[in-house]
Number of protein chains: 2
Amino acid sequence: MQVNSVETLLANSLAKSDLSQKQQNVLKACLKLFSEQGYDRTTTADIAKLAGVSEGTVYKHFKNKREILDALLEPLKASVLPAVADEFVAETAKQHFDSLEAALRFLVSDRMRFVLDNRLIIRVFLQEVLVNTDLFDSALAMAKQRFVPAVLPMLANFSQPQHPLTLESFRPIFGLMLTYLLPVILKPELQLDVDQATDQILLEVTPLLFAK
Amino acid sequence: MQVNSVETLLANSLAKSDLSQKQQNVLKACLKLFSEQGYDRTTTADIAKLAGVSEGTVYKHFKNKREILDALLEPLKASVLPAVADEFVAETAKQHFDSLEAALRFLVSDRMRFVLDNRLIIRVFLQEVLVNTDLFDSALAMAKQRFVPAVLPMLANFSQPQHPLTLESFRPIFGLMLTYLLPVILKPELQLDVDQATDQILLEVTPLLFAK
DNA sequence: CCTTGGTGAGTGGTGACTCACTCAACGCCG
DNA sequence: CGGCGTTGAGTGAGTCACCACTCACCAAGG
């Protein structure tokens, strides 16, 4: 499975889109500026300057500033997450992991890499969520809708009578991932070794899955 | 140990402070508005209106809008967190928990309640962190500086040769707490039963601390 | 009558957005 | 081919609303 970076995926979708080079620069500039200073503290002058474009150009394609934000977030919501989830289902279906640990290792490292690659967009998204709670609901709903079916077959595969595997079993794993990912989201210039973190997570979580 | 709510602590500190009733209303209004709409999208007119005060009054005590934000965040940074940490150290020293589980139960539920009670301020703080990464460093540094000494005696007490207890042992616990707390921070109107969550966390984490 | 907390109309600056214009690219036709 | 209208991306000075902040004034209490 390819690493799915919104940054590169954005570039892809831009290449496919009918946006000119300058318009693409606008979006790239916005990603950088929004993620660093926040949407509200970024002026259209900032954007134009960083994109190497006049302010008028910004408004040739985007009706207003808000529409740029939507254009940045939309791929995340409408295309990237679903695409990734589908890919993931396909991958899990194909691979037929021969152990629970192997499956988990794939899932954990894959999802962490995804977040890592997309931390800038995720930052922008988080900023918005903190100001517009509706977004939270829709995001959660979609994450569930997409993720649960991806994980259910795995549950069925590896669940055993003495250790029933449920969605709740993923909570500790998810929590551990959060402890590694949150710092990187809050401070994007931090480094994170995904493989090492994955090892650590699996190490800490295996006693939990087989004990009790 | 008293529940430490920034909201009530804020009220306390306000009562102690030399702020008039109207000025206190300004701060309360700002907490509500900032946490809901964000700092940047809250106008001074909004603030005055909700506080039932004229715009001039807002500026009688606060030099500018930014200073109100600082006034809201300052107790969190300068007084609440340390006070709570100190209280916590005192409490742990006093109680001499007779089991690791009892100590953890106290720690987990106490900290979760703290976050829950202060979710509005924490929201405002998070918003700021996402726009000003310096804050992240200082917050992390302080949290460590205050929290590590509070927890070290516990480690010494309950660490056993066959199950050495380190700071890293807390990562899964912290992660699990995050899974319960994040939703409430992102959407403050959500409910959270701290006792139930605490039970759940301890249930999921005990095999981890004693196995391997 | 001074001090102190409060008022709200007013102001200056800023920032989102507009519009009249330029210019290069592209047919299209004599 | 070469002139020539059309198109549409790009420009940037200009506009206008809004918003943080001010200030001249007020009322009440010591």
Side-chain angles (χ1 to χ4, degrees), chain A residues 10-11 13-74 124 127-128 130-132, chain B residues 10-11 13-74 124 127-128 130-132:
Chain A
L10 182 67
S13 84
L14 284 180
K16 279 181 221 157
S17 77
D18 54 353
L19 289 178
S20 70
Q21 185 58 50
K22 300 216 167 188
Q23 300 294 347
Q24 300 183 25
N25 287 345
V26 169
L27 278 184
K28 286 183 206 160
C30 283
L31 177 61
K32 179 171 165 59
L33 291 170
F34 290 174
S35 72
E36 280 173 4
Q37 331 173 347
Y39 172 80
D40 288 304
R41 292 180 201 178
T42 301
T43 70
T44 51
D46 289 342
I47 297 168
K49 189 173 177 191
L50 184 62
V53 140
S54 81
E55 275 200 72
T57 304
V58 174
Y59 285 92
K60 263 287 141 71
H61 187 85
F62 301 101
K63 227 178 49 256
N64 49 44
K65 195 179 154 193
R66 177 80 209 179
E67 209 168 74
I68 310 180
L69 182 61
D70 292 337
L72 276 179
L73 256 26
E74 185 269 333
V124 177
Q127 288 169 14
E128 265 319 282
L130 280 170
V131 151
N132 170 8
Chain B
L10 183 65
S13 83
L14 285 180
K16 281 182 221 156
S17 77
D18 54 352
L19 289 178
S20 70
Q21 185 57 50
K22 299 216 167 187
Q23 299 295 345
Q24 300 183 23
N25 287 344
V26 169
L27 277 184
K28 286 184 207 160
C30 282
L31 178 61
K32 179 170 165 60
L33 291 170
F34 290 174
S35 72
E36 280 174 4
Q37 332 174 346
Y39 172 81
D40 288 304
R41 291 179 202 179
T42 300
T43 70
T44 50
D46 289 341
I47 297 168
K49 189 173 176 193
L50 184 62
V53 140
S54 81
E55 270 192 70
T57 304
V58 174
Y59 285 92
K60 263 287 140 72
H61 188 84
F62 301 103
K63 225 176 55 254
N64 50 42
K65 195 179 154 192
R66 178 82 207 176
E67 207 167 78
I68 310 180
L69 182 62
D70 291 338
L72 275 179
L73 256 25
E74 185 269 333
V124 177
Q127 288 170 12
E128 266 318 282
L130 280 170
V131 151
N132 169 9

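Order of the sequence lines fixes the chain letters, A, B, ..., with proteins taken first and strands second; residue numbering starts at 1 for each chain.
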- Item | Main-chain N/O of B:Arg66 paired with B:Tyr39 side-chain donor or acceptor, under 3.5 Å | yes
- Query: At their closest point, which heavy atom of B:Thr42 faces which heavy atom of B:Lys65, and how far apart are they?
  - Reply: O-NZ, 2.7 Å
- C:dA9 P sits how many Å from B:Tyr59 OH, rounded? 17 Å
- Message: Under 4.0 Å from a heavy atom of chain A: give me the 5'-most and 3'-most nucleotides of DNA chain D that qualify.
- Response: D:dG10 to D:dG12
- Could you check whether A:Ser20 gets within reach of a base, just the sugar-phosphate, or nothing at all, counting any heavy atom under 4.0 Å? sugar-phosphate
- Item | Minimum-distance pair of heavy atoms, taken over all atoms of A:Asp46 and A:Gln37 | OD2-OE1, 3.7 Å
- Query: Using a cut-off of 4.0 Å on non-hydrogen atoms, how would the nucleic acid contact of B:Lys60 be classed: base, sugar-phosphate, or nothing?
  - Reply: base
- Message: Tell me whether B:Gln127 contacts the main-chain N or O of A:Val131 through its side chain, where contact means a donor paired with an acceptor under 3.5 Å.
- Response: no
- Heavy atoms of A:Leu72 and A:Leu27 approach each other most closely as CD2-O, 3.9 Å
- Nearest heavy-atom approach of B:Glu67 to B:Lys63 is OE1-N, 2.8 Å
- Message: Categorize A:Thr43 for me: base, sugar-phosphate, or nothing, with a 4.0 angstrom heavy-atom threshold over every strand shown.
- Response: sugar-phosphate
- side-chain N/O B:Ser54 vs C:dG6 OP1/OP2, d < 4.0 Å: no
- To the nearest angstrom, the CG-C1' distance between B:Asp40 and C:dA16 comes to 15 Å
- Task: Have a look at A:Val58 and say if it touches a base, only the backbone sugar-phosphate, or nothing, with a 4.0 Å heavy-atom cut-off.
- Result: nothing
